Amino acid sequence: LAQATTLFGYAMVDLAAISFLSLGVQPPYPDWGVMVSENASGVVQGYPLAALSAGVCIVLVVIATSLLGQRLHENAERRR
């Protein structure tokens, strides 16, 4: 279970990267990678909030699942 939560973070980053490159989920469907890709031009034009908010959400979810996986691993080690 601890390893699955850690791998979930990697899967989130991979899915966002694939969607950012327009190889995954296509624009009518919501996805954080698509949101970053669609709003990347806004960063250059001085409106970074839309792209950065999606990127920050990706980072926060990956960190949260990683911390959860570490906590589960520590609890499993204590019970041994």
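One-based numbering along the sequence shown. All figures in this text were calculated on a predicted structure; none of them were measured in a lab.
A donor-acceptor pair under 3.5 Å is absent between the side-chain atoms of Ser37 and the main chain of Gly33, judged by distance alone.
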Show me the donor-acceptor pairs, under 3.5 Å and distance only, between side chains in residues 7-14 and residues at least two apart or in other chains.
none

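Contacts of Leu23 classified as side chain to side chain contact (heavy atoms under 4.5 Å, CB included), with partners at least two apart in sequence or in another chain: Ile18, Leu21.
Pairs passing the salt bridge (Lys or Arg N to Asp or Glu O under 4.0 Å) check and including a residue from residues 56-77, sequence neighbours excluded, read Glu77-Arg80.
Between Asp31 atom CG and Ile58 atom CD1 the span is 7.5 Å, to the nearest 0.5 Å. If you take OG1 on Thr5 and CD on Gln70, they are separated by 9.0 Å, rounding to the nearest 0.5 Å.
A chain of hydrophobic side-chain contacts below 4.5 Å, direct or via other Ile, Leu, Val, Met, Phe, Trp or Tyr residues, connects Met35 to Val62. A chain of hydrophobic side-chain contacts below 4.5 Å, direct or via other Ile, Leu, Val, Met, Phe, Trp or Tyr residues, connects Leu67 to Val59.
Annotation: Gln26, atom CD; neighbour count of heavy atoms from other residues, nucleotides and ligands within 6.0 Å is above 12.
Across Gly55 and Val36, no two heavy atoms sit closer than the pair N-CG2, 3.9 Å. Heavy-atom minimum distance, Ala54 versus Trp32: CB-O, 3.9 Å. In plain terms, the two heavy atoms of Asn39 and Ala51 that are nearest each other are O-CB, 3.6 Å.
Contact annotation: the side chain of Leu72 approaches that of Leu68 to within less than 4.5 Å [non-hydrogen atoms, C-beta and beyond].
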